[in-house]
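Report on the structure given below.
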Amino acid sequence: MVFGLCVVSLVGGTWALSGGGRNISTVERVISCWLMVTAAIHMVIEGYVVVTPDYYQHPADNYLSEAWKEYTKADSRYATRDSFIISMEAVTAFMVGPMCFAAVFGILQHKSWKYPLMVILSVCQIYGDILYYGTCYLEDFIHARPEPLYFWGYFVTLNALWIVIPGLVLAYSTRQIVNSLEITNTKKIKSI
């Protein structure tokens, strides 16, 4: 419930902020909403598990601890402080999260560097998920529970969002960069 309200607030706020005469395409407004939500998830939720090694000992009134206790049922590597998982989450929380905010700023301000940054972010997110799934696969999924909710719901589906959506953002951003280069090349040829 808390998570859903936060997501709705972030999406609504970002959607409103990106409208109102800013001349931002619908696609880029949707991407802004995704980046704002994913920045918050990376920095707050994933950052919490990095800086709170004893989250599983916290009382039940701590929302973030409870969220991680639940997710740990799908992947026990968080509870055991697996060095790969914690390192990956640290990079995601403290590098990728702030970069997502920067990309939203770039979109809102029509900055030319927004597309290369979105490419970098998308590759980081896809690469992180491939490593996340790959390390679990190479260990025969010993850290994942087999129940459908935990395996297919949390482990597979929730994490797959960070492959599918960044894949779409990567394709869009790459197309924008290619279009800009084609226009530049056409202008150079015409000027010769």
Side-chain angles (χ1 to χ4, degrees), residues 3-4 6-19 22-51 64 67-68 71 75 77-78 82-137 154-184:
F3 179 76
C6 290
V7 169
V8 168
S9 297
L10 284 169
V11 168
T14 305
W15 187 261
L17 191 61
S18 64
R22 287 190 179 263
N23 198 26
I24 298 172
S25 72
T26 301
V27 171
E28 291 192 13
R29 291 179 75 192
V30 169
I31 291 171
S32 293
C33 292
W34 161 255
L35 290 169
M36 189 63 80
V37 169
T38 199
I41 289 169
H42 291 333
M43 293 176 69
V44 176
I45 297 174
E46 293 166 320
Y48 181 82
V49 80
V50 172
V51 301
L64 291 172
W68 278 110
Y71 187 78
D75 188 344
R77 295 179 293 177
Y78 288 92
D82 178 86
S83 59
F84 165 74
I85 291 293
I86 300 305
S87 298
M88 178 198 66
E89 293 293 9
V91 169
T92 303
F94 305 120
M95 187 181 88
V96 176
M99 288 170 61
C100 290
F101 284 132
V104 172
F105 175 79
I107 291 169
L108 295 177
Q109 298 298 316
H110 300 281
K111 299 294 185 184
S112 59
W113 45 261
K114 66 187 173 189
Y115 298 122
L117 182 55
M118 288 191 291
V119 166
I120 292 166
L121 284 169
S122 297
V123 170
C124 285
Q125 291 175 331
I126 293 167
Y127 182 71
D129 243 19
I130 290 170
L131 290 176
Y132 178 77
Y133 284 135
T135 55
C136 205
Y137 169 78
Y154 294 172
F155 182 76
V156 174
T157 304
L158 283 180
N159 287 292
L161 293 173
W162 275 270
I163 292 176
V164 174
I165 298 173
L168 295 170
V169 173
L170 176 62
Y172 174 79
S173 300
T174 301
R175 187 72 238 156
Q176 298 307 309
I177 292 167
V178 168
N179 287 345
S180 294
L181 292 171
E182 287 174 350
I183 290 169
T184 300

Going by atom type alone, with no hydrogens or angles, which donor-acceptor pairs under 3.5 Å involve a side-chain atom of residues 91-114 and a protein atom two or more places apart or on another chain?
residue, atom, partner, partner atom, Å
T92, OG1, M88, O, 2.8
H110, NE2, R22, O, 2.6
K114, NZ, E28, OE1, 3.1

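- Between the W68 side chain and the I45 main chain, a donor and an acceptor come within less than 3.5 Å of each other.
- I177 places a side-chain heavy atom less than 4.5 Å from the side chain of P116.
- The two residues V50 and A90 make their nearest non-hydrogen contact at CG2-N, 3.5 Å.
- Nearest heavy atoms, Y78 versus V49: CD2-CG2, 4.1 Å.
- Taking CD of E46 as the start and CD1 of I86 as the end, the distance is 10.5 Å to the nearest 0.5 Å.
- S173 is linked by a side-chain contact (heavy atoms from CB on, under 4.5 Å) to Y115, M118, V119, V169, counting only residues two or more places apart in sequence or in another chain.
- I130 CD1 to I163 CD1: the interatomic distance, rounded to the nearest 0.5 Å, is 5.5 Å.
- Distance OG1/T184 to CG/N179: 10.5 Å, rounded to 0.5 Å.
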Q. Given T26 and W15, is the side chain to side chain contact (heavy atoms under 4.5 Å, CB included) satisfied, shown in steps?
A. CA-CA 9 Å; T26 301; W15 187 261; 4.0 Å; yes
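- Residue pairs meeting the side chain to side chain donor-acceptor pair (under 3.5 Å) criterion with at least one partner in residues 157-167, sequence neighbours excluded, are T38-W162, Y71-N159.
- Put simply, CD1 on I126 and CD1 on I165 are 11.0 Å apart, with the number rounded to the nearest 0.5 Å.
- Remark: S25 OG to Q176 CD distance equals 7.5 Å, nearest 0.5 Å.
- To the nearest 0.5 Å, atoms CG (L17) and CD1 (I24) are separated by 8.0 Å.
- Here the closest non-hydrogen pair linking I85 and D82 is N-OD2, 3.0 Å.
- In this view, V7 and F3, V11, V37 satisfy the side-chain contact (heavy atoms from CB on, under 4.5 Å) rule, not counting sequence neighbours.
- Screening residues 93-110 for salt bridge (charged side-chain N to carboxylate O under 4.0 Å, His left out) gives no qualifying pairs among residues at least two apart or on separate chains.
- Nearest heavy atom pair, residue V156 against residue Y133, reads O-OH, 2.5 Å.
- Listed by chain and residue number, nothing satisfies the side-chain contact (heavy atoms from CB on, under 4.5 Å) test with S180 (two or more places apart in sequence, or in another chain).
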(Q) Applying ring-ring contact (aromatic ring centres under 6.0 Å, His included) to Y132 and F84, what does each step give before you reach the verdict? (A) CA-CA 9 Å; Y132 178 77; F84 165 74; 7.6 Å; no
